[in-house]
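Everything on this sheet refers to the single structure shown next.
Every number for a ligand or one of its atoms is a count from 1 in the order of the listing. This is a predicted model, so every value here is computed, not measured. Computation of the quantities below employed the complete heavy-atom set of this structure, encompassing side-chain atoms and omitting hydrogens, waters and symmetry-equivalent molecules.
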Amino acid sequence: MRIGILGGSFNPPHNGHIYIAREVRRRFSLDRVLFMVAGDPPHKSIAFGVDAKERLELTRAALAGEEGLIACDDEIRRGGVSYMADTLMGLYNGVDELHLIVGADMLKTLHQWSRPETIFALAGIIAVGRPDIPGEHEAAQELIKSYGARIRMADFCGPDISSTEIRRRVNMAKGIAKLVPYGVMERIYAGLLYQSEDILSYEKRLAEYTKPKRLAHSIGTMGYAVELAAIWGADGKKARIAGLLHDCAKLGDEDALRLAKEYGYTPNAEEQRAPGLLHGPLGAIRVQREFGIDDADVINAIGCHVFGRMNMTKLDKILYVADKAEFTRTYEGVDKLRDMAKKDLNGAVLMTMNNSIGHLLARGIEPTDESLMIRQAIKRETENNKGDIK
Ligand SMILES: [Fe+2]
Ligand SMILES: [Fe+2]
């Protein structure tokens with residue numbers, strides 16, 4: 001077996017890692033490349049304190065379905081500081097060939113790693129990077145001379161993606177769909193990794209009175225809304241808060257009517273009949289009173305997330321669709337909605353409205369004139385192609 005080893009903290013793993021591993025595996029005819037997830041990397045703290053188990057799961061999610069690329073937990077199981085020399089000792093069996101994959105810029109510092117002589121004795125080095133890094137050739141020669149290192153250069157670059165940039169983007173609600181595999185994105189949002197302090201504290205408060213399933217749906221809607229905002233050029237931070245808190249007033253019928261009374265909100269005839277419908281308008285009040293949200297765009301988007309409204313803003317549409325397309329949804333047809341949401345936002349709103357009207361009719365409930373009018377307006381927007389189409 002010819003085995004490549006790509007070490008890292010994978011916080012998080014991204015498309016750049018995968019590209020490099022695939023490419024090295026192909027060019028050097030390796031049977032497999034192990035993504036060696038560092039438990040406790042030397043001289044490095046883990047940003048946002050993401051624990052090793054979570055980084056391993058992220059890496060597994062990243063490599064699901066990848067041929068010959070494997071997430072490896074040797075360093076985590078071993079415990080203590082993760083020295084590559086120990087890792088290679090663990091893998092070495094005298095039969096398999098080991099190839100340590102590093103960035104070409106690391107050739108200059110490899111000799112400072114713990115027990116370099118062990119590393120060079122047990123594994124060949126595959127250095128990945130542009131062929132023109134100053135001093136790289138000299139560094140390689142020096143390692144060959146001092147340690148008898150076996151070094152091969154892989155003169156190519158992966159895409160310009162870094163884990164630091166991904167963490168920053170999540171923190172700023174910028175969207176990461178193009179940078180990481182879908183499963184990694186899903187996990188990053190579900191685990192609230194790299195999130196801003198305000199979101200973490202809203203979530204904590206929400207969790208106090210929300211059942212786990214609804215909480216997961218709210219967090220999923222948050223992540224999905226951020227990604228849609230990135231596609232459609234809307235404000236990601238507003239989408240994030242609206243997504244997280246949109247169902248904060250979703251209650252049983254009696255409690256909903258009680259809360260309406262407390263808030264001085266008078267339900268209309270329909271809301272009286274089906275108090276579940278109240279959670280849009282009540283949510284709009286609750287986010288102000290209990291979460292201190294004063295952004296009108298966020299408040300309005302939450303207020304109309306059940307039915308939509310005339311002249312929906314981009315943020316309204318994003319929340320409306322994200323609610324039904326978010327990561328934890330598994331109903332038949334959800335993939336169709338997700339595809340549509342990437343290409344045509346109005347089309348996705350219309351699809352969602354048609355679904356909800358269909359559900360109502362199936363339960364023998366006639367849609368209101370208002371909801372039909374809203375649907376009609378969106379339909380016109382879609383047909384006129386005036387709206388948001390990619
Ligand atoms: Fe809702
Ligand atoms: Fe919802």
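At least one N, O or S atom of H279 sits under 2.8 Å from the Fe ion (ligand 1). Counting backbone and side-chain atoms alike, D323 contributes no N/O/S atom closer than 2.8 Å to the Fe ion (ligand 1).
Using a cut-off of 4.0 Å between Lys/Arg side-chain N and Asp/Glu carboxylate O, E23 and R27 are scored as salt-bridged.
The nearest N/O/S atom of D247 to the Fe ion (ligand 1) is OD1.
In this structure, OG in S163 is found 4.5 Å from NE2 in H17, a value given to the nearest 0.5 Å.
Applying the 4.5 Å side-chain rule to ILVMFWY residues, one finds F10, I18, Y19, I20, V24, F28, L30, V33, F35, V37, L56, L63, L69, I76, I101, I126, V128, F156 in the same cluster as L6.
When atom types are taken as modelled, the side chain of S82 and the backbone of G39 share a donor-acceptor pair closer than 3.5 angstrom.
Taking the Fe ion (ligand 2) as the corner point, the angle from H246 atom NE2 to H217 atom NE2 is about 90° (rounded to 10 degrees).
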